[in-house]
Amino acid sequence: MDSLTELAIPLQLAVAVNQGQALDARDANSISRFQRVAQVIVQWVQSRPADLPDDLSLVSQAGPVINHARAEEFIVGLNGFQPDMRTATPNLQSLATALDVVSAQTPRLGMKRVVLFITPQMQDPNLAASLEPLIQRAIQGNIRIFVWYVDANTTFTNTSAAIFNNLAIQTGGSMFQYSGVERFPDPEAYFSGLRRIYLLSYTSRLTSSGEHALAVQANLPTLGAVMSAEQRFTLDVQPPNPFLVAPALQITRQAPADDPFNTEMLLPETLEMEIIVEFPDGHPRALTRTTLYVDGAIADENTSEPFDKFTWDLTAYSISGEHQVVVEAVDVLGLSKTSMPIPVTVTVIKPPSGLAAFLAKYRTPITFGSIILAGLVLFFILISGRVRLPTLRRVREERRAQNDPLTQPIPVVVEESIAAPEAKKKTSKRRTPQRKQEQTQSPGWMRRLPSSASTRTGSLPPSRPFPSLKKKSSSAPTRCNAPSSSTTLRSRRCMRASGRRTTAATCFWIITPSAGRGSTTSRCSGTAIVWRTGIW
């Protein structure tokens, strides 16, 4: 037994009046016996508390007079009930009608059923036999019958009185005899024990369906152990039925949206799942365990509240596939049941890998690093100034200049000073082959024109190395004035073919060999190469 609670409840009472001449006998104040009985009942009804309203009815041989009324209505009806008692013949019709009234559904669960039977003596030889079915009906309906035997005191010991006393005892009631001078008992003394019920609750241990028996044993201080009658009932017992609420049939795991190249983390990592457990037998019971199975293995388990929540760990799933999800519920009776398997597809989208993924993943550091590196390079160039890195275009231009006859470097012939004509004659034979060889190795050779002083002395100034030759791009060639003895070579001015003068520049003449051997005659071959600020 889990709990026992005492409750106060109202009463369902039917007053059955068996009309007869003995009820109309009057005292010295001309008050009949029935009127005295009615006064006692009215006083009892008026004393009842309003929070426990009894269900009251009044019946006679003719049928119900007041049916399932409250106290106020019952009092009005009883005071107005004045049948002709002298002409009436007593019978059991009013008792049978009262049993019908109180056998109906009570307005409140647990209300006790009571019949107050007011009757005179009955001289029917078959009275006991006629009462037997009524007694059995009252016992089966748990209806208690209290008898007020109203007649002359000389009838208190006859057979009729004994039969009515037996009726009260067998149904759990009692009998009071009234001749006109006895003091009436308080009706509440009869009914007070019926206004208390006990609400008993217990946890059933039945685990199988079928017919079962139930009995209650109470240990009372005066009576000892009292056993109730056995009650048989049919019970349907079924295990709990769990099922998932809106399960996710498709789960996609991929890298976080803010870090799509993260190979260490795939989302979601967990999935929250909820279940509902219903009891098909209509008897909800507590649960002791709920379990989540994925592909036959335990994914999560609850052994305490809440039993309807699961967390599925998805971190172990790195390959796409289909999985079977099942839930199981176990109640306090040990009954368990699993749900139907639900297929759930887990799709794993792995982030890209390789160089492109690396560059995309670290694009921000690479960008900032490139900007910093470019800034450092630019800063180094600005600081050094003179550092010029060779480019592919510059290398191609230098190679083209080496192959171009106009811009390729020309060897400079260095000759010794002519001391005397005799020496010139002696050495001309020795140097002629060499000069001839040098002249044949290149299309031309270069000689710095002598100044007037050197011309008079017959000696040439020493040759100087020239910078790299670069052909100056020009739409028209530059024409050089013929050299004169009045000016030096560095002060010559060159004229373009259009006749406009250019800025002062040094003209160097390309000397071509003349027809005569050893001739020092020089002339402009048509195009002079102008040296400006060190660039040809």
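Worth saying up front: this structure is predicted, and the values here are computed from it rather than measured.
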Looking at residues at least two apart in the chain, or sitting in another chain, which of them share a ring pair (Phe, Tyr, Trp, His ring centres under 6.0 Å) with [X]?
| X | value |
| --- | --- |
| Phe117 | Phe164 |
| Phe279 | none |
| Phe156 | none |

Regarding [X] and [Y], is there a side-chain donor-to-acceptor distance under 3.5 Å anywhere?
| X | Y | value |
| --- | --- | --- |
| Thr291 | Arg289 | yes |
| Thr270 | Asp313 | no |
| Asp100 | Ser103 | no |
| Glu188 | Ser47 | no |
| Thr155 | Gln121 | no |
| Tyr198 | Glu6 | yes |
| Asn241 | Glu278 | yes |
| Glu132 | Gln136 | yes |

I'd like a table of donor-acceptor pairs (distance under 3.5 Å, sequence neighbours excluded) in which one partner is a side-chain atom from residues 211-223, with atom names and distances.
residue	atom	partner	partner atom	Å
Glu211	OE2	Arg232	NE	3.0
His212	NE2	Ser208	O	3.3

Do [X] and [Y] have side-chain heavy atoms sitting under 4.5 Å apart?
| X | Y | value |
| --- | --- | --- |
| Ser32 | Gln35 | yes |
| Leu292 | Val325 | yes |
| Pro90 | Gln19 | no |
| Pro268 | Arg253 | yes |
| Ile383 | Ile381 | no |
| Leu335 | Val330 | no |
| Leu244 | Ile342 | yes |

According to ring-ring contact (aromatic ring centres under 6.0 Å, His included), does anything in residues 308-347 pair up with another residue at least two apart or in another chain? List the pairs.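 Found Trp312-Tyr317, Tyr317-His323.
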Among Tyr178, Phe176, Phe34, side-chain contact (heavy atoms from CB on, under 4.5 Å) partner for Val150: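 Of the listed residues Tyr178, Phe176, Phe34, the side-chain contact (heavy atoms from CB on, under 4.5 Å) partner of Val150 is Tyr178.
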Are [X] and [Y] within salt-bridge range, i.e. N to O under 4.0 Å?
| X | Y | answer |
| --- | --- | --- |
| Asp54 | Arg48 | yes |
| Arg113 | Asp55 | no |
| Glu328 | Lys337 | no |

Rounded to the nearest 0.5 Å, how far apart are CG of Asn18 and CG of Leu95?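 Rounded to the nearest 0.5 Å, the CG-CG separation comes out at 8.5 Å.
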Under the salt bridge (Lys or Arg N to Asp or Glu O under 4.0 Å) rule, collect the residues that match up with Glu274, sequence neighbours excluded.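 Here the qualifying residues are Lys309.
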Minimal non-hydrogen separation, Val147 against Ala168, with atom names: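 Between these two residues, the closest heavy atoms are CG2-CB, 4.1 Å.
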Determine yes or no for a side-chain-to-main-chain donor-acceptor pair under 3.5 angstrom, with Arg285 supplying the side chain and Leu333 the backbone. no
Report yes or no: does Asp236 contribute a side-chain atom to a donor-acceptor pair with the main-chain N or O of Asp281 at less than 3.5 Å?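 Not a single qualifying donor-acceptor pair exists.
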Please determine whether the number of non-hydrogen atoms from other residues, nucleotides or ligands lying under 6.0 Å from atom CZ of Phe233 exceeds 12. yes
Between Val102 and Val115, does a side-chain contact (heavy atoms from CB on, under 4.5 Å) hold up when you go through it step by step? CA-CA 8 Å; Val102 296; Val115 174; 4.0 Å; yes
